[in-house]
Structure formats: structure tokens, C-alpha cells
Amino acid sequence: GAVVSQHPSWVICKSGTSVKIECRSLDFQATTMFWYRQFPKQSLMLMATSNEGSKATYEQGVEKDKFLINHASLTLSTLTVTSAHPEDSSFYICSARTDRFNYGYTFGSGTRLTVV
Amino acid sequence: KQEVTQIPAALSVPEGENLVLNCSFTDSAIYNLQWFRQDPGKGLTSLLLIQSSQREQTSGRLNASLDKSSGRSTLYIAASQPGDSATYLCAVSWVDSSYKLIFGSGTRLLVRP
């Protein structure tokens with residue numbers, strides 16, 4: 001139980017285009033999801049907190065107009081990287097907190113984004 | 001500022017050794033602490049979750065302890081195996097931070113056959 005499905009697992013896009021990443025909670029409702037970014041050989045950095053039915057809360061230094069987050073339902077949050085640039089290439093991973101897991105956190109499998 | 005620190009950054013041990021990974025955090029008012037494993041290019045696998053009211057958790061060869069007063073947690077791995085080679089991440093959520101999970105920089109473990 002408490003599975004988070006993330007798609008796509010990898011994507012290559014051209015500079016200037018937009019890419020959408022989906023994060024779904026399969027067997028539980030997630031009122032809050034979290035989006036992280038991880039550069040090679042570095043740890044996970046929290047980008048934003050996604051709240052169902054309201055605006056996302058972004059961490060300091062994260063451009064909200066570049067990284068659009070939508071949490072339209074209790075089981076789906078999306079991250080759209082707009083006008084992608086090569087420096088946006090990274091590993092993006094989502095997470096949800098659930099009482100199914102004793103209020104621990106369960107993570108998606110991540111999306112490897114490469115912008116060429 | 002609430003921060004999580006892990007030492008050592010990297011560790012190489014021969015197979016069979018018992019080892020300890022360290023995690024420290026600022027602000028003892030935590031909600032919970034979670035240890036994860038990450039293989040290269042992969043997502044995260046949850047290993048152990050310790051609630052703020054708990055002192056330790058065990059799963060197989062893994063044991064994690066929590067000392068809130070000193071702001072420390074340790075992950076003990078018994079009888080290490082080459083398959084344990086991975087990056088181990090410690091993450092903490094605090095009561096007053098909207099349950100955001102903040103990660104340490106990780107410990108890269110290599111268990112040599």
C-alpha cells in the first residue's frame with residue numbers, strides 16, 4: 001500500500017519547450033505532495049509543496065512561473081517545467097505523506113529530465 | 001534554519017563489517033525522521049521511519065536510533081553485504097514546517113566483496 005506512481009521515468013526535450021511530469025497516489029488520497037529536484041551526486045532539494053485545491057508553496061529560490069505545479073485532485077499532482085533550458089536537466093521526484101504509512105513519506109520513482 | 005547533516009559523506013568497508021551512519025539535525029521539535037536508500041539513477045526506498053516519540057526502529061539487519069535531545073540519529077547496518085552498496089539518506093520533518101521533509105546530503109556506502 002501507499003504507492004506513488006510517477007511518469008514519465010525519463011524524458012528528453014528541446015530547449016524552449018515545456019515538459020509535464022505526473023505524480024499519482026494509487027491507493028490513497030494525498031492532500032499534500034512534495035516535489036524535489038536532485039542534481040548528480042547531490043541530495044534532494046525541496047522545490048515546492050503541492051496542496052490539493054490551492055496554490056503550491058514554493059521554496060526560496062524556486063521560480064514559480066518556471067515550475068508550474070497543479071494539484072487538481074486528491075490523487076494527482078503535476079509539475080510542468082516551462083521553457084526548459086539545459087540547466088533544468090535534473091532528476092525530479094515527488095513524494096506524498098500518508099497515514100497509510102504511519103505518516104511517513106512515500107516517493108515516486110523519479111523522472112530524469114534532459115534538456116538538449 | 002532547520003538543517004540535516006550526514007557524516008561521513010562516503011564510506012568503504014569490507015564485506016561482513018558492522019557499520020554506523022550518522023545523521024544530525026537542528027531543532028529537536030521534529031515530527032519524524034526517516035532513513036532512505038537510493039541506488040544510482042534510481043528513486044528512494046524507505047528503510048526505517050522513527051516517530052518523534054520513539055527511540056529506535058529495527059528491520060532485519062538495520063537498526064535506527066533517535067536521540068531528539070542531542071539532535072542525532074544513527075543507522076546501524078549489521079554484517080554488511082555488497083548489495084548494501086548505495087547512498088543512504090536521512091530526512092527529517094518538523095512540526096512547525098508544514099511537514100516538509102528535509103534531506104541530509106547522504107552517505108555513499110561501498111561494501112567491498
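Source: prediction; values computed, not measured. Throughout, a chain's letter reflects where its sequence line sits, starting with A, and its residues are numbered from 1.
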Are Leu76(A) and Leu74(A) linked, directly or through other ILVMFWY residues, by side chains that come within less than 4.5 angstrom of each other? no
Tell me whether Ile93(A) is reachable from Val62(A) by hopping between hydrophobic residues (I, L, V, M, F, W, Y) whose side-chain heavy atoms are closer than 4.5 Å. no
Counting only N and O atoms by type, is there a donor-acceptor contact under 3.5 Å from the side chain of Gln34(B) to the main-chain atoms of Tyr105(A)? yes
Separation of Gln38(A) CD from Phe103(B) CZ (nearest 0.5 Å): 9.0 Å
Mind checking the CD-NZ spacing from Gln60(A) to Lys1(B)? Nearest 0.5 Å is all I need. 8.0 Å
Closest non-hydrogen atoms of Gln38(B) and Phe91(A), given as atom of the first, atom of the second and distance, are NE2-CE2, 4.0 Å
Nearest-0.5 Å distance that lies between atom NZ in Lys41(A) and atom OG in Ser105(B): 13.5 Å
Are more than 12 heavy atoms from other residues, nucleotides or ligands located less than 6.0 Å from atom NZ of Lys64(A)? no
Given the rule that I, L, V, M, F, W and Y join up when any side-chain heavy atoms are under 4.5 Å apart, are Val92(B) and Met45(A) in one cluster? no
Are Ile69(A) and Val81(A) joined in one hydrophobic group, where the rule is that I, L, V, M, F, W and Y side chains link up if heavy atoms are under 4.5 Å apart? yes
Are Thr106(A) and Ser46(B) close enough, and set up right, to give a side chain to side chain contact (heavy atoms under 4.5 Å, CB included), and what steps lead you there? CA-CA 7 Å; Thr106(A) 186; Ser46(B) 179; over 6 Å; no
CG (Leu101(B)) and OG (Ser95(A)) are apart, to the nearest 0.5 Å, by 6.5 Å
Let me see the working for Ile102(B) and Leu44(A) under side chain to side chain contact (heavy atoms under 4.5 Å, CB included), right down to the final yes or no. CA-CA 8 Å; Ile102(B) 304 301; Leu44(A) 280 74; over 6 Å; no
Same hydrophobic cluster for Leu68(A) and Ile21(A), using side-chain heavy-atom links shorter than 4.5 Å among ILVMFWY? no
By a 4.5 Å heavy-atom criterion (distance strictly below it), what part of Glu59(A) contacts chain B: side chain, backbone, both, or neither? side chain
Closest non-hydrogen atom pair, Leu89(B) against Ser43(A): CD2-OG, 3.6 Å
Give a yes or no on this: more than 12 heavy atoms of other residues, nucleotides or ligands lie within 6.0 Å of atom CZ of Arg72(B). no
Which atoms of Lys42(B) are under 4.5 Å from chain A, going by heavy atoms: the side chain, the backbone, both sets, or neither? backbone
Okay, Ser109(A) and chain B: the region with an atom under 4.5 Å from a heavy atom over there is backbone
